[in-house]
Amino acid sequence: MSDHIEVKIVTSQRVNEKTESENYRNSDVELPLDTQVETDLNVTESDLAEAKELASRLTLEEVRPMMEKVLLIHENDPNFPFSIIIRIKAFLGNEAIFENPEKHAVLIEEMKLEAALITVNSPYAEVRAVVDNHDDVNMPCGTIRAWTIGVGFSILLAFINQLFSIRQPAITVQANVAQLLAFPIGKALEKLLPDSGFTLWGTRHSLNPGPFSRKEHMLITIMANVSWNYPYSNNIIWVQYLPSYFNQSYAGQFAYQILIGLATNYIGYAMAGIIRRFLVYPSYCVWPASLVTIALNAAFHNDKNAPVESPFGRIFTVSRIRFFGLTFAAMFVYFWFPNYIFTALSIFSWMTWISPNNTNLAAVTGFNNGLGINPWPTWDWNTLLFDQTDPLMIPFFSTLNKFIGAAISGCIIAALWWTNTYYTGYLPINSNRVFDNTGGLYNVSQAIDERGLFDPAKYENYSFPFLSAGSIMIYFFFFAIYTAIISYAYLYHRHEIAMGFRALFNSFRKKQDTRVQYSDVHNRLMSKYPEVPEWWYTIVLAIAIAMGCAAISHWETYTSPGVVFYGLVLCALFVIPIGIVKAITGIEVTLNVLAEFIGGSFVAGNALAMNYFKSFGYVTCAHALLFSQDLKLAHYVKIPPRQTFAAQMIGTFVSTFVSVGVLNFQINKIPNVCTVDAPNRFTCPGINTFFTASVLWGTVGPIKVFGQGGMYTWLLAGFPIGFVVPIIIYYVNKRFQKQWMRQIHPVAIFYGALSWAPYNLAYIWPAVPIAWFSWIFVKKRYLGFWSKYNFVLSASFSCAIAVAAIIIFFGLQWTEQELDWWGNSVTSQGCEGSACTLYQVAEGEYFGPRIGEFH
């Protein structure tokens, strides 16, 4: 077999002759076939060896349609190797290959090998790194001990997170802590429990069916995932019930609270089940966050320990579990410094220390109240996790696009502030608060009557609501990203979406497993297990709708039950495009601003109704994505779908009841709760912010702010601009077909552009060099090392931070034991402690429209 390949490419509409031929072989020295494929597809030797057996059995007639399908789905996929796309185009665009295959034997063999690799494993190196492409159908999964541990963590996480959600600062225990603790508990039960049980419907259920398995462990993790966050509807209950807010006593009734909580949770879950053919079955839906969870699971349960070459000039033989333990311990110790002992390491705005009261310096370089432009602004890994992603978890192109978007937006924010556009110079440059015409926080009580409804006379005698420069750009780019995600999904993923709809329709019409339409290895392995019938999810959806409508119509909410269906429609429109983006890039576009905008426009003057619009509009989609991610977890680990269904249903049910029960305790048993006199700092900062936002956007309303005659009407230009930008990028990429252009992701750029107020570049920039080192440098040169340790390192750092934060909170911060020294106080000096403004308002004066000129 020759080491050099000559390929002639015929002219066609789909293949650019000059570009393809130049890109296909641009060197006189060719690598051996195995090495070439290994390099292009980022595969390890073991993965390649497994693919060779299948490749030897494939025929040219079988390979051609396989490559056509790969090209259709992955041509614009930034995660898929561009060099392979070039080869596939060369293969499909040269008819001579199929007419005289004996003259192109090497290219055909290469295509067979690549087709086989995609068939027997995932096309993505990051998935192959942690997800096993084999399955043991006899491995224990839904065991008695798994359900017991899972329900226990569902209760514990729901109790802790609801109880401390109203404290300043709040404490949150996420599912990774439960995953970490579940392993020693499971192993202990494996040693202590007897092998005794019972037989039900032909299946034996034992207290100890054998070794604690990775499937049991992941089932527990999935239950924890759906349980750790309290129902979003609890925020509505707080502002309804408390006398300092709306003072509606009926909101204290348990029946009302539980109906709203279950409705918002289960509507999202039902949607996740219905859309799993779009977001779970396709192989291009990688779900990066899931890979970190699986890596931790694999570290505990995978006995393989192959030696790998490292970037440090030596062979690494450390096992994954030992590597996890070492890096966990290192981060656990280190995190005490930026989080407690020396907090200036976290807020490393060292340039502001030179002149703390210098307004311009703080505005540019400040971490707390500035733009965060700093060569290295933090030594705290937790800072990089501000949006639930980290540079080891999401692909490099996502991190880079986020930074590009944030940098562009930051320049515009600076221009708005220093030119005092829309009076932003009188306000902090990067605040997420709403201000009045004196520069103080907007006092919503001066714009509403005693019932909490909008009072036009009081409003006109008070102030127009003003936004900081950072907030202005957030709204502009939020409007842009909502339309951008629609045009992006159509241009880049219309074929995959159409395939999902065909599978969905077939699931209702035929008694067959529609997973067979998705031919990757994980769908083939999962086809051995009975699928969850579509009518199960339909019943869950119907019950959730009924509960939501019953709660809204039976009690005096001043809201139409139609708000439930509004949430469904909004979710149905956006959940697939948003889900595809999150599954590919690891970033999530939330619908909270759009839900507020639409709800506040429809029910102007009614803050409570707007809250329901926001709850059902935003939470339905957010929960659908959260549950879809868990379904992908189960898909990767090969948990039977019906057991996953039960785990999500039970976990959600248990945690909702626990959260609502704790909520009742907080409301009725904690004296002066949500006031400055509350014990144990239960002052409800999040609830206060929720109330302010609900009254401002539900009472004053977006029409007065963004509508005709409003000061910020021009921000609505974000809608058409966002729709057009992906179209421009798509056709420019199609015209020039450069590898770097495939890495431009318009939605990720917009996402980065709205990552301001209160965040800034200090949270985003440090991730860029770290992501480049991991995803580009190490992955390309030391794939075995990267595959073995990258996601384990991400999991260990996150778990260590979570455990250390809990210990610091309860051991020191709960009792208010602080270290008072320069390293902890320098971060709050001058403009970093209290935000400085470009201009000040004179005593008795105000800025903006004159009283009586705004309505």
Side-chain angles (χ1 to χ4, degrees), residues 349 352 358-374 402-442 463-482 484 593 597 693 696-697 700 702 704-722 725 749-765 831-832 834-841 846-849 854:
S349 52
T352 66
N358 188 314
T359 299
N360 290 325
L361 179 64
V364 174
T365 67
F367 188 104
N368 292 328
N369 297 312
L371 300 178
I373 300 175
N374 186 335
K402 280 169 55 179
F403 172 72
I404 292 172
I408 294 172
S409 183
C411 293
I412 303 174
I413 290 171
L416 289 175
W417 196 66
W418 267 287
T419 58
N420 195 29
T421 304
Y422 301 111
Y423 311 100
T424 53
Y426 290 96
L427 310 174
I429 189 172
N430 191 41
S431 173
N432 63 343
R433 307 300 291 271
V434 181
F435 300 89
D436 63 18
N437 53 17
T438 66
L441 295 180
Y442 199 86
S463 172
F464 182 86
F466 292 90
L467 302 176
S468 71
S471 288
I472 287 174
M473 292 319 301
I474 278 184
Y475 279 102
F476 176 83
F477 284 109
F478 257 121
F479 295 156
I481 203 170
Y482 292 136
V593 170
F597 184 83
L696 185 64
W697 302 119
V700 176
K704 294 179 179 64
V705 179
F706 302 108
Q708 186 176 5
M711 184 179 298
Y712 305 114
T713 304
W714 70 274
L715 296 181
L716 298 180
F719 286 113
I721 291 174
V725 167
I749 290 175
F750 283 128
Y751 176 86
L754 56 82
S755 299
W756 291 86
Y759 304 111
N760 53 37
L761 284 177
Y763 291 82
I764 301 170
W765 156 245
C831 296
E832 280 290 83
S834 179
C836 297
T837 60
L838 202 59
Y839 303 105
Q840 287 74 42
V841 182
Y846 63 93
F847 59 84
F854 57 91

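Every value quoted in this text rests on a predicted model; they were computed, and no experiment measured them. Counting from 1, the numbers follow the sequence of the chain as shown.
- Side-chain contact of Trp417 with Asn430: a donor-acceptor pair under 3.5 Å is absent, judged by distance alone.
- Ring-centre distance between Tyr422 and Phe466: not below the 6.0 Å cut-off.
- Partners of Tyr426 under the ring-ring contact (aromatic ring centres under 6.0 Å, His included) rule, at least two apart in sequence or in another chain, are Tyr839, Phe847.
- Contact annotation: the side chain of Thr419 never approaches that of Thr424 to less than 4.5 Å [non-hydrogen atoms, C-beta and beyond].
- A distance of 10.5 Å separates NZ in Lys402 from CG in Leu754, rounded to the nearest 0.5 Å.
- Trp418 and Ala363 make their closest contact through CH2-CB, 3.9 Å (heavy atoms, listed as atom of the first residue, atom of the second, distance).
- Separating the CG atom in Asn369 from the SG atom in Cys831 is a distance of 8.0 Å, to the nearest 0.5 Å.
- Residues that satisfy the ring-ring contact (aromatic ring centres under 6.0 Å, His included) test with Tyr846, not counting sequence neighbours, are absent from this structure.
- Smallest separation of non-hydrogen atoms from Pro465 and Tyr712: O-CE1, 3.9 Å.
- Counting only residues at least two apart or on different chains, no salt bridge (Lys or Arg N to Asp or Glu O under 4.0 Å) pair has a member in residues 429-442.
- Remark: Phe479 pairs with Phe597, Phe706, Phe719 by the ring-ring contact (aromatic ring centres under 6.0 Å, His included) rule, at least two apart or across chains.
- Sorted by first and then second residue, the side-chain hydrogen bond (donor to acceptor under 3.5 Å, both in side chains) pairs with a member in residues 755-764 form an empty list; sequence neighbours excluded.
- Rounded to the nearest 0.5 angstrom, Leu761 CG and Thr365 OG1 are separated by 12.0 Å.
- There is a side-chain donor-acceptor pair under 3.5 Å between Glu832 and Ser349.
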Indicate every side-chain donor-acceptor pair of residues 403-413 with a distance under 3.5 Å to a residue at least two apart or in another chain.
{"from": "Ser409", "atom 1": "OG", "to": "Ala753", "atom 2": "O", "distance (Å)": "2.9"}

Audit row: Tyr475, Trp697, ring pair (Phe, Tyr, Trp, His ring centres under 6.0 Å) steps and yes/no: CA-CA 13 Å; Tyr475 279 102; Trp697 302 119; 5.7 Å; yes
